[in-house]
Structures are given as C-alpha cells and as structure tokens.
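Contents: one structure, followed by commentary.
This one's a predicted model, so the numbers in the text were calculated from it and none came from an experiment.
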Amino acid sequence: MTDSKYFTTNKKGEIFELKAELNNEKKEKRKEAVKKVIAAMTVGKDVSSLFPDVVNCMQTDNLELKKLVYLYLMNYAKSQPDMAIMAVNSFVKDCEDPNPLIRALAVRTMGCIRVDKITEYLCEPLRKCLKDEDPYVRKTAAVCVAKLHDINAQMVEDQGFLDSLRDLIADSNPMVVANAVAALSEISESHPNSNLLDLNPQNINKLLTALNECTEWGQIFILDCLSNYNPKDEREAQSICERVTPRLSHANSAVVLSAVKVLMKFLELLPKELDYYNTLLKKLSPPLVTLLSGEPEVQYVALRNINLIVQKRPEILKQEIKVFFVKYNDPIYVKLEKLDIMIRLASQANIAQVLAELKEYATEVDVDFVRKAVRAIGRCAIKVEQSAERCVSTLLDLIQTKVNYVVQEAIVVIRDIFRKYPNKYESIIATLCENLDSLDEPDARAAMIWIGQVPRSAQTIHSLGGVLFQVQLTLLTAIVKLFLKKPSETQELVQQVLSLATQDSDNPDLRDRGYIYWRLLSTDPVTAKEVVLSEKPLISEETDLIEPTLLDELICHIGSLASVYHKPPNAFVEGSHGIHRKHLPIQHGSIDTGESPVSAGPVVPIEQAQSVIPSQGDLLGDLLNLDLGPPVNVPQVSSMQMGAVDLLGGGLDSLVYLFSQVWLPAVKAKGLEISGTFSRRQGQMYMDMTFTNKALQHMTDFAIQFNKNSFGVIPTTPLPIHTPLMPSQSIEVSLPLNTIGPVMKMDPLNNLQVAVKNNIDVFYFSGLIPLNIFFVEDGKMERQVFLATWKDIPNENELQYQIKECHLNADTVSGKLQNDNIYTIAKRNVEGQDMLYQSLKLTNGIWILAELRIQPGNPNYTLSLKCRAPEVTQYVYQVYYSVLKN
C-alpha cells in the first residue's frame with residue numbers, strides 16, 4: 001500500500017494518539033507516526049503541539065525518518081522558535097555524522113530554518129561543512145551560506161563565510177564550484193557595488209575548467225557569472241568564447257541561452273574584421289534554430305530572446321528566415337512572435353518569399369493574426385523600398401477579397417505607405433474609395449480621411465458628433481487643410497466644423513484643437529498655412545525597435561524574465577536592494593565602473609553607457625519632431641514671502657534650499673552666531689543671513705569678504721548692518737551676490753569660504769552653495785542646438801544616476817524643476833516611458849543637458865547628465881534629488 005493511506009484518516013483525538021506513537025520504543029512505529037504528522041501538516045492541520053515529540057525522533061540512524069523530522073522542523077521552527085533551539089544539539093551532532101548524506105541534510109535544514117535565535121549556534125557546524133572532505137556536503141554548505149546571509153548578513157560577513165565561499169571557487173569538484181558561484185552571485189545582488197566574486201583571469205580559468213564537468217544547472221550558474229566579466233582585451237575575450245562555444249550544443253535550452261548571452265556580450269569586444277568574429281556568428285545560428293523545435297512554451301521564450309538578438313545582430317539569422325515561417329498548428333502567441341521576427345529579417349533578397357507567406361497568412365481564420373499579417377505587409381513596404389510596389393499590389397489584392405477586417409487593416413497600412421512614399425501611389429485612391437461605406441472601425445475611417453477623402457456633405461458634417469474621437473480629430477484637421485487649399489469653396493464648411501468642434505463637443509482635446517485652428521485662421525492665415533500644410537516627416541522604417549540603450553541592457557539578461565518581458569529587471573522586480581544595471585562592454589577596452597559621485601541620498605551609480613539620445617533617424621529621432629506640452633508656469637517664491645506660499649500651487653518647490661543652517665556657532669566666534677542660506681529671486685542671487693549676538697557686549701563695524709571660489713561669487717554691496725547689534729539681539733540680512741569676482745577651483749566645487757569682521761575680531765567659516773543658485777533664467781536651449789550639443793559632447797562625459805522612490809508624473813516633475821530654472825526642451829513617450837529632455841545654464845556659461853526617464857508605476861527615475869565640465873554633474877544631481885524628493 002502506498003503512502004496515500006496517511007491522508008485518508010479523519011479520526012478525532014488524533015493528536016493524542018500521535019503523541020503516544022511518537023514516543024513508542026519501536027522505530028517502525030515512530031516512523032509511521034512521523035509520516036502521519038507530516039501528512040496532517042501537509043493538509044493544513046495544526047500539529048505544532050507535537051514539536052518536542054517529533055524533535056526526539058531526530059536521534060536515529062534511519063535516513064528516511066531523519067528527513068521527515070527535518071521537514072517538520074523547517075515548517076514549524078518559525079512559529080516555535082523557542083522549541084527549535086532544542087534541535088540545535090542534534091544539528092551539531094548530525095554535522096559530524098560519518099554519513100555524508102546526513103551531514104548534508106543537516107546543513108541544508110539549518111539554512112532553511114529562518115530563526116534568528118538559532119543562527120549563531122549554526123556557525124561552527126557550517127564552517128566545518130564548508131571544509132568537509134565530501135564534495136556533496138561542501139556544495140550543500142555553499143548554498144546554506146547564501147540562505148544564512150539572507151537571514152543575518154552581518155553575521156555571515158563577520159564569521160568569514162564569504163571568504164570561505166571564494167575559496168570554494170578553486171575547489172576540485174565542479175559542482176562545489178558551481179554552487180559557490182551561485183551563492184556568491186545571490187549575495188552580490190544585495191551588494192551591487194561590491195566585488196564579491198572577484199572575477200580575474202585566474203578565477204575565470206577555474207570556472208571555465210569546471211564548466212565542462214558540471215551538471216546543467218551548475219553550467220548555467222557559471223555561464224551567468226562569466227557574462228558579468230569584462231575581459232581585458234580581445235584576445236582574452238576570444239579565448240573565453242572558444243571555451244564557451246561547446247555549450248551551444250547542450251540539450252538544455254537554458255544552458256544554450258546562457259551561452260548565447262556570454263557570446264553576445266563578448267562579441268562587442270571582437271573586431272569585425274577578425275576571422276573568428278564571422279565564425280562565431282555562424283556558430284550562433286544553429287542552436288537558436290534548434291530551440292524552435294521544442295515545446296510551444298520553449299519556442300516562445302526562444303523567440304522572445306531571438307527578437308532581441310535579431311535587433312542587435314540581424315546577420316546571425318539572416319539566412320534562416322524560413323525557420324520563422326508560421327506552421328498551421330503553432331499557438332497564436334508563437335505565430336505573432338514569428339511574424340515579428342520575419343519582418344525584422346526581411347530584406348531585398350528574401351522579400352518575395354516573405355510577401356508570399358504574408359499573403360497566405362492574410363487568409364487565415366484567426367482575426368488577430370490576419371490583422372498582424374496585413375500590418376506586416378505594410379512594414380515590409382516601408383522597410384524595403386524596392387518592394388514597396390509589390391507590397392501595395394498585394395494589399396490591393398487583399399482589398400478585393402472584400403473581407404471587412406482585412407480591407408480596413410489594409411487601408412490603415414496604406415496610409416503609412418503614403419507617408420513613407422508621398423505622391424507615388426495616389427492612383428490607388430479610387431480603389432480605396434470603393435470601400436468607403438464598409439469602413440466602421442475608427443482607425444480605418446481616420447486613415448481614409450488622412451489619405452485625403454474628405455466628406456463634404458452636410459449630413460456627414462453634422463454626424464461629426466456621432467463618430468469616435470479619433471475620427472473627429474482627423475476629420476477636423478482634414479477640413480482645415482482643405483480650406484487652406486480651396487478657401488473660396490469651403491469657407492462655410494470649415495465654419496460649420498469649427499463651430500461643432502468648439503461648441504458642441506464634450507471632448508477637451510477636440511475642443512482645444514478647434515480653438516487653435518480658429519485662432520490661427522482668424523489672426524494669421526499665412527502662418528496657419530505654414531503650420532497646417534507643412535511637409536510631414538517621413539516615418540522611419542522601424543517604429544517598434546527597442547531603444548538602443550535598453551536593448552544593450554536586455555542582451556545582458558538573455559535567458560531571464562527580462563528578455564521575455566522586454567523590460568529591464570527594475571521595471572518588474574520589487575525589492576529593497578538597488579538593482580545593478582548591466583550594459584554591454586565597450587570594444588577594445590574595459591568599462592570604467594563609476595563610483596557614486598554624491599554621498600547624500602540613495603543613488604545607484606550606473607556604468608557609463610552609450611549615448612542616451614540616439615542620432616537623427618533612430619528611434620527617438622530628431623528632437624524637432626518631439627511633442628512638448630505647454631510650460632508649467634509656477635511663480636518664483638522669495639525667502640521673505642515664506643508665510644504667503646500657496647500650498648496647493650507648487651510654490652513650496654522653490655524653498656528646497658531655504659532652510660537655514662548655522663554656519664558660525666557662537667562658541668567659535670566669541671558670542672557671534674551666523675546662520676543662513678542661499679536663494680535666487682527674480683534673477684538675483686542672495687545670501688540670507690541671521691546675525692545673533694550671544695555675548696555680553698554689543699557688536700559694531702561689521703564687514704564681510706569672500707575667498708576666491710569656483711564661480712567667482714562676491715558680495716554686490718557691503719554688509720548692510722548699520723546699527724550696533726546689542727546682546728541677545730538678532731538681525732536678518734539679505735546680501736545680494738554676483739559672479740564677477742576672481743575664480744579658483746574649490747573642493748568641493750560649491751564650497752564658499754567667508755570672513756566676517758566686527759569690533760571684536762575676524763571670524764572665518766565656510767558653507768556649501770546649492771548649485772541651483774547658479775541656474776540662470778535663460779537656460780532654455782533651442783531644440784536644434786540641444787540635439788547638436790548632445791551629439792557634440794563626448795560620451796565619456798555622460799553620467800547616469802537613479803532617483804529612487806519618486807511618485808510624480810512627468811508634467812509635475814517638469815513644473816517642479818522649472819521653478820529652479822531647469823527647462824524641459826522636449827517630452828517623448830518611448831516603450832511606455834516618459835522621456836524628458838532638459839537643459840540648464842550656469843552663471844559662468846556652462847550648459848548641462850539632461851535626460852530624465854519616468855516609467856509609470858516605477859518609482860525609480862533614471863537621470864542622465866551630459867556636460868563639457870563633468871565635475872559639476874554630481875552637484876546638478878543633488879539639485880534634482882532635492883527638488884523631486886521634497
């Protein structure tokens with residue numbers, strides 16, 4: 001009879017009977033009783049009252065019974081911490097048992113009992129197991145260190161367990177090495193800036209040696225570790241690649257993807273003219289193709305990873321496009337992913353095959369798949385110019401099928417083709433018009449209006465309020481365009497439409513656009529014509545590419561959830577620890593890991609990456625084409641008006657640096673105390689100070705002088721204290737400043753050394769000027785200049801930071817920063833992220849350019865700063881951090 005019999009009993013008084021059986025002298029009876037206890041625990045019964053009786057059963061040589069007792073302990077130790085201490089002696093004893101299986105079982109259970117009270121008792125047994133003669137015990141102990149670190153990190157470091165783990169990397173047994181690497185990798189995630197693994201050529205060689213003899217999961221741990229290593233030169237990178245390449249033929253798909261990740265990273269270090277570079281590209285193709293012969297779920301994961309690889313290096317699979325042709329029995333999620341990759345691999349050489357396939361797909365029964373297939377034909381036309389005519393012909397054939405959803409999707413696609421190739425295919429408009437009456441989807445109707453078929457009948461105009469918002473907007477714009485081209489014929493029409501849009505519509509977007517057009521037409525028709533009829537930019541050949549910086553990061557996460565979601569880990573992994581961002585290495589040189597330039601505030605420094613703003617024609621495109629919302633005008637608030645601040649109007653933002661601090665304590669200045677702050681009001685810098693006399697005599701003859709400083713700050717006027725300062729009296733002074741004095745670089749950069757004289761003595765103190773005091777009001781850069789300047793500043797001058805735990809939307813952020821003369825030049829939404837491009841200018845003429853990434857739902861913002869004087873960026877970051885966090 002099987003063990004299922006233990007789950008069928010429903011007797012009352014069961015606990016009492018179990019207690020008696022657990023204390024039976026016969027081993028078999030005790031074993032039966034423990035099985036019953038585990039069965040009861042599994043189905044949710046509370047058997048914690050049997051804790052001392054079960055623990056007594058630990059004293060046995062029977063391995064099966066010992067496993068059962070340890071299972072019970074792991075489950076109830078947290079709820080019975082005082083009782084769990086009873087088992088400590090047994091753990092210590094079992095860790096010295098002659099049977100290595102029992103020693104390993106004891107150390108594994110020790111790691112799973114998450115009770116602070118007993119962890120200190122487990123240190124000595126764990127230390128012995130880490131140096132055990134049996135490799136099975138050592139590999140189990142390595143994993144236990146990682147579990148113990150999660151419970152009490154400080155104790156693990158103090159006990160020297162991390163050093164023991166590093167020593168295990170040189171172990172003779174490959175599984176011990178793999179587990180040591182896995183444990184160190186796990187621990188290093190909570191210490192992203194530490195170098196726990198200490199990757200160097202010697203350790204890498206040990207890992208590569210162990211790689212050939214590990215189990216498949218051990219190989220994955222080692223390969224993931226290798227992917228974090230930056231070889232010192234191309235020769236070392238090639239050597240590692242040669243030793244990793246055999247893993248591509250492994251039966252486990254996870255091992256294959258981990259090996260691909262290592263090779264994709266190290267390809268960055270190999271020059272393209274090298275013969276081995278092309279050889280490696282050819283070797284990467286077969287394993288990726290083989291992954292597509294597995295189960296549908298494995299295929300999907302492989303396809304999501306291949307999608308990234310094809311975007312980074314399409315040449316790897318350019319000859320394998322037939323592999324991505326859809327099979328009739330593929331699940332829909334596999335079909336859609338294959339379709340996407342087909343378009344990415346489409347070229348002039350294979351476009352005939354691709355179009356034949358897509359035309360076939362357009363006759364399928366799955367509506368979503370058919371729509372995507374029709375859309376794919378349009379993407380082919382845009383991507384491969386030589387095939388545009390053939391694609392248009394294919395679309396017209398599909399329109400002739402008169403299948404409603406195919407016709408409507410084809411019209412949407414043809415609109416994009418018209419945008420890419422203006423004045424080339426207008427002859428097909430007549431064919432499109434034949435299907436006007438069948439269009440019932442807003443996208444198709446809007447596309448048809450955009451193409452130029454503006455309905456002119458009064459009946460259609462009056463139905464403007466009855467169609468969907470998207471169609472209304474397109475219709476409104478089309479009629480205004482028509483009016484500007486034929487004003488005499490359409491004057492009455494445009495007045496009707498503008499009246500409907502501004503007076504009868506409840507949609508604010510439609511109403512606002514109507515008012516804009518009305519004012520443009522009524523005030524300056526010439527300007528209106530230039531604006532509305534301006535030449536449209538050509539759409540790019542790939543509108544859904546992942547942004548280059550994000551793509552590089554995702555390549556570093558091949559084989560993980562990030563590569564399936566196509567999102568960085570910090571977008572979907574919540575945790576208290578900062579997530580270490582990964583980037584591809586730079587060719588012919590190692591990456592300089594940036595140290596945190598700011599000590600204040602939780603900043604996660606990021607390794608310097610490639611240019612955040614791609615060149616013109618890339619995904620983000622020319623900044624001239626970006627949409628920018630209206631500036632948020634928040635009034636500047638002076639420090640003298642703090643009591644009158646509008647709490648709901650955002651005025652408090654300018655008070656970030658207005659909190660006073662003591663610069664010169666009375667004990668150091670013979671009774672004179674000076675406190676104050678810096679502020680900027682109406683374009684003028686001020687040093688706002690409070691002088692307090694805590695001495696027994698009056699003070700007179702005040703004067704102030706500044707030492708040379710980084711920004712040439714000097715007082716504009718003498719210190720305005722004209723009356724004696726009596727004992728216990730305070731006086732507030734606002735000293736205007738300018739930046740025309742002598743300059744000398746200070747450390748820190750914003751340090752200001754001050755001397756104050758009175759009738760008693762001369763006193764010295766220093767203070768830090770917040771950098772936003774030097775942000776001038778004319779720091780808004782023109783868009784053309786911004787883009788040119790960003791490109792002109794070297795990439796090595798770019799620094800990135802994270803501002804954590806911010807819960808503001810992009811418009812609020814823009815408004816808060818504008819209070820401190822940080823101006824938003826453009827705003828763009830990319831892959832669900834709001835990207836703010838900003839500029840600011842210092843009093844000494846230095847420009848700082850910024851990109852701020854805000855992802856809805858993610859409280860961590862990424863700030864990229866670029867400047868010709870990179871030493872100022874850390875102080876700019878402090879301003880961003882203070883403004884957005886206060």
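Proximity of a side-chain donor or acceptor of Asn809 to a complementary backbone N or O of Ile854 within less than 3.5 Å is not detected. A distance-only check finds a donor-acceptor pair linking the side chain of Thr789 to the backbone of Val785 [under 3.5 Å]. One N or O on the side chain of Thr523 and one on the backbone of Arg519 form a donor-acceptor pair closer than 3.5 Å. Between the side chain of Thr824 and the backbone N or O of Ala826 there is no donor-acceptor pair closer than 3.5 Å. Remark: the backbone N or O of Ile351 is not paired with any side-chain donor or acceptor of Ser387 at under 3.5 angstrom. Without hydrogens or angle criteria, Asp820 side chain to Asn772 main chain gives no donor-acceptor distance under 3.5 Å. Between the side chain of Arg680 and the backbone N or O of Met685, no donor-acceptor pair lies under 3.5 Å. A donor-acceptor contact shorter than 3.5 Å is absent between the side chain of Lys481 and the backbone of Val532. Judged by distance alone, the side chain of Ser522 and the main-chain N or O of Trp518 form a donor-acceptor pair under 3.5 Å. Judged purely by atom type and a 3.5 angstrom limit, Lys383 uses its side chain to pair as donor or acceptor with the backbone of Ile343.
Of the inter-residue distances, the one linking Thr477 atom OG1 with Leu482 atom CG reads 12.5 Å to the nearest 0.5 angstrom. Rounded to the nearest 0.5 angstrom, Leu395 CG and Gln400 CD are separated by 12.0 Å. One finds the CG atom of Leu852 at 9.0 Å from the CG atom of Leu865 (value rounded to the nearest 0.5 Å). To the nearest 0.5 Å, the span separating CZ on Arg511 from CG on Leu500 amounts to 13.5 Å. Atom CD1 of residue Ile803 and atom CG of residue Asn860 lie 10.0 Å apart, to the nearest 0.5 angstrom. Residue Ile399 holds its CD1 atom at 5.5 Å from CD1 of Ile411, rounded to the nearest 0.5 Å.
Within a 6.0 Å radius of CD in Gln348, no more than 12 heavy atoms belonging to other residues, nucleotides or ligands are found. Within a 6.0 Å sphere centred on NZ of Lys567, heavy atoms belonging to other residues, nucleotides or ligands number 12 at most. Environment of CG in Asp778: crowded, with over 12 heavy atoms of neighbouring residues, nucleotides or ligands closer than 6.0 Å. Atom OH of Tyr565 has 12 or fewer heavy atoms from other residues, nucleotides or ligands within 6.0 Å. Annotation: Glu782, atom CD; neighbour count of heavy atoms from other residues, nucleotides and ligands within 6.0 Å does not exceed 12. Within a 6.0 Å radius of CD in Glu492, other residues, nucleotides and ligands contribute 12 heavy atoms or fewer. Counting non-hydrogen atoms of neighbouring residues, nucleotides and ligands closer than 6.0 angstrom, the CZ atom of Arg371 exceeds 12 such neighbours. Within a 6.0 Å radius of NZ in Lys402, other residues, nucleotides and ligands contribute more than 12 heavy atoms.
The minimum heavy-atom distance linking Met781 with Ser839 is given by the pair N-OG, 3.1 Å.
Between Tyr861 and Leu808, the closest side-chain pair of non-hydrogen atoms falls below 4.5 Å. Between Val883 and Val813, every side-chain heavy-atom pair lies at or beyond the 4.5 Å cut-off. Cys391 is listed as a side-chain neighbour of Cys380, based on a closest heavy-atom distance under 4.5 Å. Inter-residue side-chain proximity for Val374 and Val406 is flagged as met; some heavy-atom pair is nearer than 4.5 Å. In this structure, the side chains of Leu551 and Leu308 come closer than 4.5 Å at one or more pairs of heavy atoms. Counting heavy atoms from C-beta outward, Val872 and Tyr877 have side chains that stay 4.5 Å or more apart. Within the 4.5 Å cutoff, the side chain of Arg513 has heavy atoms near those of the Leu473 side chain. Annotation: side chain of Cys867 is not in contact with side chain of Trp847 (no heavy-atom distance under 4.5 Å).
In summary, Arg379 and Asp340 engage in a salt bridge, as defined by a charged side-chain N under 4.0 Å from a carboxylate O. Looking at Arg828 and Asp834, no side-chain N of the basic residue comes within less than 4.0 Å of a carboxylate O on the acidic one, giving no salt bridge. Ion pairing between a basic and an acidic side chain is recognised when a charged N comes within 4.0 Å of a carboxylate O; Lys420 and Asp416 show no such pairing. Ion pairing between Asp552 and Lys312 holds under the 4.0 Å rule for side-chain N and carboxylate O.
In this view, Phe325 satisfies the ring-ring contact (aromatic ring centres under 6.0 Å, His included) rule with no residue, not counting sequence neighbours. Listed by chain and residue number, Phe711 satisfy the ring-ring contact (aromatic ring centres under 6.0 Å, His included) test with Phe774 (two or more places apart in sequence, or in another chain).
Across Leu817, Leu840, Ile848, a single residue satisfies side chain to side chain contact (heavy atoms under 4.5 Å, CB included) together with Phe775, and that is Leu840.
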Pair Ile846-Lys841, side chain to side chain contact (heavy atoms under 4.5 Å, CB included): steps then yes or no: CA-CA 6 Å; Ile846 292 176; Lys841 182 182 175 184; over 6 Å; no
Please assess Ile428 against Leu396 for the test side chain to side chain contact (heavy atoms under 4.5 Å, CB included), listing each intermediate value before the final yes or no. CA-CA 8 Å; Ile428 69 170; Leu396 289 176; 3.7 Å; yes
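If you check the side chains of Glu777 and Asn821, you find a donor sitting under 3.5 Å from an acceptor. Side chain to side chain, Asn307 and Glu337 meet the donor-acceptor criterion of an N or O pair below 3.5 Å. Between the side chains of Asn404 and Gln408, at least one donor N or O sits under 3.5 Å from an acceptor N or O.
Note that Lys424 lies in the cation-pi zone of Tyr421, set by a 6.0 Å cut-off to the ring centre and a 45° limit from the axis.
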Please set out all donor-acceptor pairs under 3.5 angstrom arising from side-chain atoms of residues 357-366, sequence neighbours excluded.
unit_1: Glu357; atom_1: OE1; unit_2: Tyr361; atom_2: OH; d: 2.4
unit_1: Lys359; atom_1: NZ; unit_2: Asp397; atom_2: OD2; d: 3.1
unit_1: Tyr361; atom_1: OH; unit_2: Val326; atom_2: N; d: 2.8
unit_1: Thr363; atom_1: OG1; unit_2: Glu360; atom_2: O; d: 2.6
unit_1: Asp366; atom_1: OD1; unit_2: Asp368; atom_2: N; d: 3.1
unit_1: Asp366; atom_1: OD1; unit_2: Phe369; atom_2: N; d: 3.1

